[in-house]
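This structure is a prediction, so every number in the text was calculated from the model and none was measured. Convention: sequence-line order gives letters A, B, ...; per-chain numbering from 1. The basis for the numbers below is simple: all heavy atoms, side chains too, and nothing from hydrogens, waters or symmetry mates.
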2 protein chains.
Amino acid sequence: MVKNSSNTRAGRLRQLSQERRETERKELRQLILDAAGELFAQDGYEAFSLRRVAEHIGYSPGALYRYFDDKDDLLFNVADEGFKLFRTSQAAAATSGSDFTQTLRAMAHAYVAFGMQHPTYYRLMFMERPDLLFKSRQDQASEWLRALTEYQEVFAAAVQAGKLRAGDPAAMSEAWWAVLHGIVALGITMGFLFDAERIQRMLDNALEMFFHGYGSQP
Amino acid sequence: MVKNSSNTRAGRLRQLSQERRETERKELRQLILDAAGELFAQDGYEAFSLRRVAEHIGYSPGALYRYFDDKDDLLFNVADEGFKLFRTSQAAAATSGSDFTQTLRAMAHAYVAFGMQHPTYYRLMFMERPDLLFKSRQDQASEWLRALTEYQEVFAAAVQAGKLRAGDPAAMSEAWWAVLHGIVALGITMGFLFDAERIQRMLDNALEMFFHGYGSQP
DNA sequence: CTCGGTATGTGAACAGTGTTCACTGAGAAT
DNA sequence: ATTCTCAGTGAACACTGTTCACATACCGAG
């Protein structure tokens, strides 16, 4: 039984040693995670391999299994990093403009910018393995849904304020999310067709469509 | 030198034999392709493997390389099958409604239905490896762009007829394509969030948005 | 009919992947 | 000082795509 005995010399030593081992463990875990993030961003999803991560930090492949259950588990934790970036960029945009129109524009541009600047993250998060974000940990899974519900709140407020026409805010935000996702997905997977400027114009067109529609009747 | 000599018995035999070998070759090629398509639709992109295709038809893995350059080459030809399906379904929808609104609705529903009914094909064609459709063969590459330009033509006609407000038809169709792609992509990769009915509602909402917009001002 | 050539399929090999596991070796606990 | 725990290793397993020397069967010509 381990007692909380820091009054004796042996007790203090034991505790310090335990703490040190704990921080060492966390440091190595972080080292793996950093290396994984770097290699992932560099080589993309397909070429990403456990063995190369291990080699990159000078460990044997099997060692990583002391810190992560699986390749999927490792990827999940990498995706988490991407989600932090995504959430902060979205949150910043959400509180930028005073007008709803401006706010939505800012959030949309932030969304697309994130996808274009971190294509591998976006791929992993929203395209390749979105299932990763659901299983695994419950406390972090909500992180993922929160970004989605954030849009809904903005939309609900806009409908209530009369900035948008009456209707189901959830349905509207879903449809708008589909637009954003479609633009980013096309931009990422068909970079040879759509360069950055064209994606920008596409987004502007989509915003125009969103607000005013393309129909001719008033 | 091979002369076109079907007047002698030996000549006829030679020609028939050559024809037979040729058809045998085509048959085996088709057998591989069918098996590949089956396994691909069954197991999806990630689990798809050359060796399993070979095993499935009772050949050694190396044999496939007599008929396809590469795994990519094989996948490209599988994708081609998907494109035939896609194109015919789109073409049928394009000539269905007399009114533009109806036509666009029909095409949109066909688009989404294709994605939901053939998720692995859609993944391969538009998400996983769209690069496959560009390199490889020039004559078939246009096949892929034609489906895209078809939308543009419909839009151009609609603008000219006053069914849509004035503007660049290409930009409009691109934006609308992004919407469709976004809906299907979300439906495919996040099937646990969006079931078929919800995707349907999402599409209806998107059509509403497309025609009338979500803004409150007239 | 026999010879030479041509194309086809095989089997083994290579380099890579994720994952497991018996084993060291060092440090902590007793 | 001895036991115990745990991190890390290295080898193995079952896969993957791809290549290549080789056997083999068949075709065309002499």
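- Of the candidate nucleotides dT19(C), dT9(D), dT8(C), dT9(D) has the atom lying nearest to any side-chain atom of Y59(A).
- Candidate nucleotides dG18(C), dT18(D), dT9(D) were compared by shortest atom distance to the side chain of S60(A), and dT9(D) ranks first.
- The aromatic rings of H181(A) and F126(A) sit perpendicular, their planes meeting at an angle over 60°, well past the 30° parallel limit.
- A ring-centre distance under 6.0 Å is not found for H118(A) and Y122(A).
- Checking dT10(C), dG8(D), dT16(D) against the side-chain heavy atoms of S49(B) singles out dT16(D) as nearest.
- At dA7(D), one or more side-chain N or O atoms of R66(A) fall inside 4.0 Å of OP1 or OP2 (strictly under the cut-off).
- Distance from the side chain of D70(B) is smallest for dT18(D) among the nucleotides dA7(D), dT18(D), dG18(C).
- In the set dG18(C), dT8(C), dT16(D), dT16(D) carries the atom at the smallest distance from any side-chain atom of R52(B).
- For a distance-only test at 3.5 Å, the side chain of R51(A) fails to qualify as a donor-acceptor partner of the base of dG16(C).
- Ring planes of F155(B) and F210(B): perpendicular class, angle over 60° (limits at 30 and 60°).
- Residue Y65(B) places no side-chain N or O under 4.0 Å from the OP1 or OP2 atom of dC20(D).
- Taking the six-membered ring where tryptophan is involved, the planes of F83(B) and F86(B) are perpendicular, since the angle between them exceeds 60° and thus also 30°.
- Residue-level contact check: F68(B) touches neither bases nor backbone, having no heavy atom under 4.0 Å from any strand.
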